[in-house]
Amino acid sequence: MHILALYICAMKYDFREIELNAKVKWQEQEAYAVKEDPTKPPFYVLDMFPYPSGAGLHVGHPLGYIASDILARYKVMMGYSVLHPMGFDAFGLPAEQYAIQTNRHPEETTRENIERYRQQLELLGLGYDWNRSVTTSDSDYYKWTQWIFLQLFNHCYHSKIQKPVPIEKVSEYFEQCGTKDAPFFGNPHEEFTPKEWLAFSKEKQSDVLMHYRMAYQADAWVNWCEALGTVLANDEVKDGFSERGGHPVERKRLKQWFLRISAYADRLLLDLEELNWSAAMKEMQSNWIGKSEGASLAFKVANSDLMLEVFTTRPDTLFGVSFMVLAPEIAMLPELVKPGFEQALDYAKQASNRSERERQAGSEQVTGAFTGSYAVHPISGKELPIWVGDYVLAGYGTGAVMAVPAHDARDFKFAKAFDLPIVPVVEIPEGESLPYESKDGEIMNSEFLNGFQVKEAISAMLAHLEEKKLGYRTVNYRLRDANFSRQRYWGEPFPIVYTKGIATGVPEQCLPVELPHMDDFKPTGRPESPLNKAKEWTNLPHGIRETDTMPGFAGSSWYFLRYMDPKNQNQFASGSALSYWKQVDVYIGGTEHAVGHLLYARFWHKFLYDLGYLPVNEPFKRLVNQGMILGRSNLVYRETATGRFVSAGLVPSSKKGFQSLHVDVNAVQDDALLPEQVLAIFPDARPHLLVLEDGVLKCGVEIEKMSKSKFNVVNPDAIVEDYGADTLRMYEMFLGPIEQSKPWNTQGIEGVNKFLRRVWRHCISEEGHCILDSGHAEPAALKSLHTLLKRLHQDIESMSMNTCISAFMICLNELLDQNCKSIDVFRPFSLALSPFAPFIAESLWEKMGGVGLACKQEFPKVEEKYLIEENFIYPVSFNGKKRFEISLPLSLGVSEIEQEVLSIAETKKWMEGQTLRKVIVVPGRIVNIVLG
RNA sequence: GCCCGGGUGGUGGAAUCGGUAGACACGCAGGACUUAAAAUCCUGUGGGCAGUGAUGUCCGUGCGGGUUCAAGUCCCGCCCCGGGUACCA
């Protein structure tokens, strides 16, 4: 009996056998090998590659991978040569931290994690060509990351021709013209003549040139984290604490590498326009770049030769300036502070030493100090007190502000705090109060600007300033150069050697500079890289190596190019591969990379394009944002006072007096735990401490990010084990639109599993044979099939995979109702299913006598002739309310339809006692009769 | 605070250009098969009211207005949820 049951079961839809069978075939026939086939058009589908963490892949990761796999498989079947690769973003702080915690080497843990990820990805039937995989921590790969860095190091951005030029061009220019009108992007510290330049020492010259390189060094305030022993990027710091670990972060000044992304700010903004990205995504980037147009103008310091330069977007409010404020870090401060006002210097020192955290915490409080100096208003000649305040940022604009308290909220707060004058210069409308920041209104108290509207006044003032040579139009960007140094072990080493203090690039033929293996890679406790401990590596006969390593975004800024030609030993990718694939057609990933990765990748791409290595100037033509799959956490509630575990139904909704504890969702069934489970999970729980409902402890539910720490991670492996990969693939797509975030919930998974079982059972006998016949297909069946195909062609392109799945279900329901057994219908049906459920499709194809691989066949075409309708069922509405339906030939015109409808008894019944006002007929859509 | 998204049955969601709201699926209820269970199949399923019943009827896409023959869809005001961002002069 038991054996018989097993036997029958085996003949049914057995996903294990089906998956194994397909995998073997794909492997034997190298189904996923990607070639540059000149006879086929190229198509490049890219997933954001994962960071292989120790937790493994959870069900949220594959959402995008499955969608892109469906698109890629569909494109293969449509005759494209498709590049759909996968790799690993393996360098970075989390791996290093994990390694330190577990006391193992990151090399080892990273290798293991990658292996685990790869196995999990392979389970899902994703059609990657693993021969093209890249791992950013492989020296074969980071050799080229270093190579690109050297290009940046060796170039300077020329502001006139808007292109990088070799750094030698800069020294040539200095030899001839000095710094006069130098058309180079840089952060110059001084001006000099050609003569002076030639008189500089080698060290001095190299120091000056450093300020012009696209990869340059500069002293900078950095986020030093004592506990992690490393410097963190701004986005790794949240409210003064490290995002990982939550350790306090303070500010320290260090020599750092920077990438001059600011040189590309304008192009990065402008070129957004042509991209097929969501409006939200473009907006995020554009806000991040933060272009603002305004005026730069100089204020003389009274009784001094000093000038204060400020940037303003509101030159129209110039007559409303009542004081000046400088950033605490500004260099000329000591010269401005008058005797008796020395506390301003103390304040500045204190403010610039204060950590981000302290500045943040004290943000409610306005702080500042008077320098004792005055600036002279460039038009009115009035004297304006010069203050220092930490609300002014040294890194933006000139680090100095002309304060217009009446029309700027920050200036207003400052003026109130220190009792400074407030002069309104824009008329304030009824109901509004100071500060009035809107650009609507009429100018007043402003001499020649009085009576102008704000917008007119801005251009009038700009013209006036330029005419009188008091200032000039200028543009400022929020975007700052990217800090490219990390004091960490687990990252790409810089190909830089210091010889007599001069930073020199390692020659190309000496790349890669391999990361030395170190058993002790823990932070040194000083603000420096652990690599400083590897003396045999750092000390060279001719100099000392740079010991900082590159940040996480180094490897991910160009990986999509390496996939095109991953094994190339001579170039990062060959010209032929680059010109064949050109750019990523569709890039799928989460919004969390909106401004980091995506901006840096665009910057590197443009740089390489400018140097002539790439055929196009943007990397990602179309971007699809996948929503996050959220975790559904289970919580148990513990009464703080008594230590009792109380069933969720008995806990007040405010949860007051209760502690919420996460429990592993994989242990919980139907949001409830059995008493013995509670005792097992919480060692200090005792039977008398359990307050149950219906014999169980009911758990609370919360929707939050899936993470190990919240015990709500669901791995795909378990789902594949229970239902098979095809079911998981289709279910993840069936959940809803790809862009939407939603909690993971397996409630509906039976539906898609049932669909696959029904397809199988309908086509394949219990003995495992195809039971379809080759008789003619009925028109109704062909209509169902081609309706499906039409839907698929539309919806796959637009990545609406959820509606594709329901279209499959509708089609199957219809075919089963029609009792269709035609192989001519189910063969194309199976092929169409192949991108979505590749395993079952492969088996069906084989059993139906198909030759070759299903996933390599041509995708079935839509034949419109099967879709032609003769009649349409018109809904007939009265005053917009549908009352009945009538079937009429589609060939009828407007007046014929009207006649037909008005002539039938049903219509007369509804019109009884009312006058006909109007009849609206939309052929093929609706009839609406207006009565009154 | 500002800038984007989004609010549709018990649940996930569908609805091309303003044209039959709730496709498809889950869940639930009832039934068939079975000693029983599982699996499978069939029927019903937005809500209220009336009727034994077929059916009829009113209400219904976060809330309040508006445009229109017709609004989930367009316009105005508001509420709630999610994401981004925050001294950027």
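Convention: sequence-line order gives letters A, B, ...; per-chain numbering from 1. All values derive from a computational prediction rather than experimental measurement. Note: hydrogens, waters and symmetry copies are ignored here, and every other heavy atom, side chains too, is used.
Comparing the P positions of B:U8 and B:A14 gives a spacing of 11 Å, expressed to the nearest Å. Nucleotides B:C63 and B:G7 are separated by 13 Å at their P atoms, to the nearest Å. B:A70 sits 15 Å from B:C59 when the P atoms are compared, rounded to a whole Å. The C1' atoms of B:U67 and B:G53 are separated by 44 Å, rounded to the nearest whole Å. Atom name C1', nucleotides B:C76 and B:C26: the rounded distance is 39 Å, in whole Å.
Looking at heavy-atom distances under 4.0 Å, A:Lys918 makes contact with sugar-phosphate atoms alone, never a base. In this structure, A:Ser741 reaches neither bases nor backbone, as no heavy-atom distance under 4.0 Å exists between it and the strands shown. Counting non-hydrogen atoms under 4.0 angstrom, A:Arg761 reaches the backbone sugars and phosphates but no base. Within 4.0 Å of A:Asn928, counting heavy atoms only, lies at least one base atom of the nucleic acid. As judged by a 4.0 angstrom heavy-atom cut-off over every strand, A:Glu885 is placed among the base-contacting residues. Here A:Asn476 lies out of heavy-atom contact (under 4.0 Å) with every strand. When heavy atoms are screened at a 4.0 angstrom cut-off, A:Thr803 is found touching the sugar-phosphate backbone but no base atom. The residue A:Ile920 sits close to a base: some heavy atom pair falls under 4.0 Å.
Remark: B:A25 base-pairs with B:U11. Criterion, Watson-Crick or G-U wobble with two distances under 3.5 Å. Nucleotide B:C78 is matched to B:G62 when pairs are restricted to Watson-Crick or G-U wobble geometry with both distances under 3.5 angstrom. As the counterpart of B:G1, B:U85 is assigned, both hydrogen-bonding distances of the Watson-Crick or G-U wobble pattern falling under 3.5 Å.
B:G9 shows a glycosidic angle within 90° of 0 and is accordingly assigned syn.
Looking at every heavy atom in both residues, A:Phe323 comes nearest to A:Asp411 through CZ-O, 3.7 Å.
Remark: A:Glu864 engages A:Lys790 in a salt bridge, criterion side-chain N to carboxylate O under 4.0 Å. For the pair A:Asp14 and A:Arg16, the salt-bridge criterion is not met [side-chain N within less than 4.0 Å of a carboxylate O]. We find that A:Arg761 and A:Glu766 are not joined by a salt bridge, their nearest charged nitrogen and carboxylate oxygen being 4.0 Å or further apart.
Paired with A:Arg314 under the rule side-chain hydrogen bond (donor to acceptor under 3.5 Å, both in side chains), one option of A:Thr317, A:Thr312, A:Asp316 passes, and it is A:Asp316.
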